[in-house]
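Down below is the structure, laid out as structure tokens.
Since the model is a prediction, treat every value here as computed from it, not as a measurement. So you know, we letter chains A, B, ... as the sequences are listed, proteins then strands, and number each from 1. Hydrogens, waters and symmetry mates are skipped; everything else that's a heavy atom, side chains included, is used.
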There are 4 protein chains.
Amino acid sequence: MMSKMGLDMQTIFGQALDNRGLSRKQQAVLNASLVLFAEQGYDGTSTADIAHKAGVSEGTIFKRFRTKEGLLQAILEPFLNQVIPQAAGEFVSDLADKRFPHFKDLLAYGIRDRIDFVTANRPEMKIFIQEIGKNPILLVQMTNMLADALRESFNDVFKVYQDKGELVQWESMRIMRYVTSVLIGYMIPNVIMDDMPVDKEHVTQEAVEFLLLGLTPRA
Amino acid sequence: MMSKMGLDMQTIFGQALDNRGLSRKQQAVLNASLVLFAEQGYDGTSTADIAHKAGVSEGTIFKRFRTKEGLLQAILEPFLNQVIPQAAGEFVSDLADKRFPHFKDLLAYGIRDRIDFVTANRPEMKIFIQEIGKNPILLVQMTNMLADALRESFNDVFKVYQDKGELVQWESMRIMRYVTSVLIGYMIPNVIMDDMPVDKEHVTQEAVEFLLLGLTPRA
Amino acid sequence: MMSKMGLDMQTIFGQALDNRGLSRKQQAVLNASLVLFAEQGYDGTSTADIAHKAGVSEGTIFKRFRTKEGLLQAILEPFLNQVIPQAAGEFVSDLADKRFPHFKDLLAYGIRDRIDFVTANRPEMKIFIQEIGKNPILLVQMTNMLADALRESFNDVFKVYQDKGELVQWESMRIMRYVTSVLIGYMIPNVIMDDMPVDKEHVTQEAVEFLLLGLTPRA
Amino acid sequence: MMSKMGLDMQTIFGQALDNRGLSRKQQAVLNASLVLFAEQGYDGTSTADIAHKAGVSEGTIFKRFRTKEGLLQAILEPFLNQVIPQAAGEFVSDLADKRFPHFKDLLAYGIRDRIDFVTANRPEMKIFIQEIGKNPILLVQMTNMLADALRESFNDVFKVYQDKGELVQWESMRIMRYVTSVLIGYMIPNVIMDDMPVDKEHVTQEAVEFLLLGLTPRA
DNA sequence: GATGAATGAGCGTTCATTCAT
DNA sequence: GATGAATGAACGCTCATTCAT
């Protein structure tokens with residue numbers, strides 16, 4: 001299901017591809033690209049590398065994906081078509097549905113959830129981060145889209161706790177900025193380093209402790 | 001206004017280069033590389049691009065810097081081994097010298113100062129960020145270096161306010177993590193986008209408000 | 001006339017190449033390299049020259065041969081490891097099979113045969129000579145290889161005539177040294193100069209006359 | 001003193017240089033070139049290598065020698081201006097002066113002498129051999145010059161022994177060819193390999209034994 | 001006379017892309 | 001649809017040569 005954000009990736013990437021309908025070989029190409037782009041970077045990976053790892057000929061890559069850039073898009077497009085709905089619509093409605101008794105509970109749940117999300121999408125994250133360096137517009141577009149899509153939903157979610165006096169009366173995007181910043185601060189080394197595991201409970205506990213302090217109004 | 005720490009990167013960087021006896025043309029090569037690597041990435045910049053922008057022949061680049069990689073190192077090495085440690089050391093001793101009456105004052109001063117630092121070193125920052133994607137060890141090295149260099153100093157600085165009951169009793173690196181994360185959250189778009197200015201006072205005021213809340217012990 | 005030893009280098013060389021599955025274009029690359037390396041030397045020949053002469057793109061060279069050095073090896077390796085040992089082995093067993101009545105006959109036959117061999121492999125010879133100047137170990141390796149392979153065979157062949165009193169009682173390699181030296185003395189200008197023909201019968205007659213004198217025991 | 005052969009090197013090399021009158025730095029350049037060209041070949045040696053080994057600037061090389069090719073000429077020209085006179089005029093008149101009682105004595109003396117000569121000029125020899133591969137005309141020119149210059153002198157020297165019945169009645173250049181070929185056969189590995197010493201007495205004894213046999217008329 | 005920074009043409013090599021099979 | 005040989009433009013880099021000091 002498409003998120004209600006109506007996030008049209010065509011807008012970002014032009015000819016987005018429907019990855020469903022890919023043959024097994026084409027899937028192998030996509031998997032090989034994902035791993036190699038994440039490991040060695042987009043520029044550091046040759047189409048010959050990809051073809052070899054995927055066990056196909058070089059021609060096969062271009063038959064389907066037209067250009068090397070098209071391969072990158074085929075990787076990032078579904079990532080952005082799921083990341084954004086999930087990080088946005090599903091995530092926030094999930095939070096709303098849960099009707100946590102206290103903001104603290106919501107925070108802990110949300111942080112654990114996002115740690116899982118990042119962990120599950122590490123290669124795509126890494127590729128995305130590297131691409132942002134070269135194409136910064138990606139970052140702004142995604143940020144703006146997220147902001148537009150989530151502001152109202154988070155307004156609603158947060159209002160409950162703000163009314164209870166459990167959450168500062170800042171606008172929801174400012175609150176999200178701090179939560180996100182702290183989370184990123186903990187996760188960046190884990191995303192960038194392939195072999196650095198994350199202690200989910202420890203991170204969650206520390207982050208919640210700090211954020212709760214910073215986001216709870218003083219008496 | 002530049003921070004009074006004397007954090008003038010032009011000065012530090014310039015001296016480092018003078019020490020190497022770089023000629024005007026080689027300086028031009030370094031400047032062109034700095035701009036182009038930041039704008040288009042290392043891989044996206046050809047040595048012909050650099051030579052053209054610097055107004056020199058391609059041979060001139062290799063005469064002094066041996067390889068394209070050597071050019072990157074000539075940019076990052078002084079940044080990592082001289083600029084950052086020096087700036088960090090000066091920063092923390094500066095904070096200690098100032099003997100701010102309250103943690104709030106220290107926080108505001110420090111944040112403004114680091115915004116200036118980032119602003120003054122935007123191209124190097126951007127190149128560094130991009131390189132981290134390919135060579136994650138850089139990140140670990142820098143983090144460890146800074147942690148080793150600053151832990152004790154910050155322990156001392158923070159202890160004053162912790163004793164006064166103005167600062168939570170966390171270890172200094174944890175406190176720094178949150179300050180840094182929040183600051184990075186505000187500055188990343190500014191570093192990555194060439195043309196996105198930062199509203200220093202607004203960012204300082206917001207960040208201080210949140211961090212003060214999150215780092216002040218509850219009654 | 002080609003020697004009946006079947007010393008058809010085209011055949012041997014060609015098979016070696018076929019075994020590698022070289023396409024027609026790659027064959028053209030090898031042929032062009034052979035001619036150009038012999039004419040202008042390895043260093044004096046650019047890969048662009050080779051590509052142009054072979055009627056292929058420069059990329060084609062590197063697809064199969066990896067490096068320019070690889071091209072040289074693809075020429076010399078079969079020459080050294082297949083052509084020369086095979087030719088040497090066939091040569092000596094051929095000499096043994098013929099059971100010439102007198103050493104004089106053997107000498108004349110062998111000299112004519114080796115003149116044919118050198119004539120048929122002039123380009124490879126020339127390249128090999130030039131490479132020896134840079135990489136002298138090649139010479140030692142080949143000399144040792146030939147010595148090991150041929151000593152005993154020549155011992156047997158020569159013994160017949162030594163027992164008859166037609167050949168001095170020196171060890172076979174010393175005898176070979178003189179035959180080879182004289183032959184080389186006659187052939188070197190022919191190998192080095194592209195357009196200098198050799199008068200096979202005249203050389204044979206002169207060389208046989210001298211060698212016979214020098215290798216026949218005095219009464 | 002110029003040899004009486006009147007060997008005008010100008011003819012071969014155009015602008016031959018008078019190496020006398022070279023400053024100490026220029027001599028250092030020449031020495032460095034000699035060693036490096038012999039060690040790594042002409043193409044394998046850069047002018048930067050030479051300048052560094054000679055302890056001068058690159059400009060100095062070109063001030064005096066115009067081009068890298070000019071350096072090669074400055075090395076080979078005196079070699080050819082001494083080698084040829086010495087190998088020719090002085091050598092042959094020396095042989096004549098000695099008035100050896102038997103051809104055998106002349107042969108032994110001459111071979112020892114040429115071994116010494118080759119040993120003393122190994123680097124130049126090696127460079128010359130390498131250059132012949134690229135510029136075969138050098139070989140023909142030198143061979144013809146030697147032949148023209150020496151034929152009559154050797155005719156005279158050899159006639160003494162031919163009249164005594166100690167030497168075959170071949171023309172002197174044919175006799176020289178065999179002596180030279182055998183000597184070259186023994187010396188080539190020594191010239192090409194830097195570290196391969198030559199057993200002068202052993203070589204002399206073996207070579208004389210064979211050549212005497214081959215060049216003495218049968219009863 | 002000597003320097004060495006600078007040059008720029010040319011090199012070997014890579015690689016995304018095409019296309020005949 | 002898949003192949004992989006072939007392409008050719010572009011790359012990083014070398015090096016003989018020049019020239020202002």
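A sub-4.0 Å separation between OP1 or OP2 of dT7(E) and a side-chain N or O of Ser57(B) is present. Contact between the side-chain N/O atoms of Gln26(D) and the OP1/OP2 oxygens of dA2(E) is found at a separation under 4.0 Å. Using a 4.0 Å cut-off, some side-chain N or O of Lys25(C) falls inside it from OP1 or OP2 of dT7(F). Between Thr67(C) and the phosphate of dG12(E), there is no side-chain N or O to OP1/OP2 separation shorter than 4.0 Å. The shortest distance between the side-chain N/O atoms of Ser23(C) and the OP1/OP2 oxygens of dA5(F) is not below 4.0 Å.
Under a 3.5 Å cut-off, the side chain of Asp49(B) and the backbone N or O of Ser46(B) do form a donor-acceptor pair.
For the pair Val29(A) and Leu22(A), the minimum side-chain heavy-atom distance is 4.5 Å or more. The side-chain heavy atoms of Gln73(C) and Phe65(C), taken from C-beta on, include no pair separated by under 4.5 Å. At least one side-chain heavy atom of Met125(D) sits under 4.5 Å from a side-chain heavy atom of Phe79(D).
Of the candidates Lys68(C), His52(C), Glu58(C), Glu58(C) is the only one forming a side chain to side chain donor-acceptor pair (under 3.5 Å) with Thr47(C).
In this structure, Arg64(B) places its CZ atom 12 Å from P of dG4(E), rounding to the nearest Å. When the P atom of dT13(E) is taken as reference, atom CG of Leu72(C) falls 12 Å away, rounded to whole Å. Rounded to whole Å, atom P of dC15(F) lies 8 Å from atom NZ of Lys68(D). Put simply, CZ on Phe62(D) is 17 Å from P on dG1(E), counting in whole angstrom units. For the pair Lys63(D) NZ and dG4(E) P, the computed distance is 14 Å after rounding to whole Å. Atom CZ in Arg24(B) sits roughly 14 Å away from atom C1' in dA20(F) (whole-Å rounding). Between Arg66(A) atom CZ and dT18(E) atom P there is a gap of 7 Å when expressed in whole angstrom units. As a whole-Å value, the separation of Gln73(C) CD from dG12(E) C1' is 15 Å.
For Thr47(D), the side-chain atoms get nearest to dA16(F) when compared with the rest of dA16(F), dA16(E), dG12(F).
Each of Glu58(B) and Glu69(C) was assigned the nucleotide of DNA chain E with the nearest heavy atom; the assignment lying further toward the 5' end belongs to Glu58(B). Both Thr60(C) and Gly59(A) lie near DNA chain E, and the one whose nearest nucleotide falls closer to the 5' end is Thr60(C). Sequence order on DNA chain F of the closest nucleotides to Ser46(B) and Val56(C) puts Val56(C) first from the 5' end.
Screening residues 122-132 of chain D for salt bridge (charged side-chain N to carboxylate O under 4.0 Å, His left out), with sequence neighbours left out, gives Lys126(D)-Asp194(D), Glu131(D)-Lys134(D).
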Strand DNA chain E as a dot-bracket string - pairs counted if Watson-Crick or G-U with both distances under 3.5 Å, | where the partner lies in another strand: .||||||||||||||||||||
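The minimum heavy-atom distance between Ile50(C) and Ser33(C), with the atom names listed, is CG2-OG, 3.4 Å.
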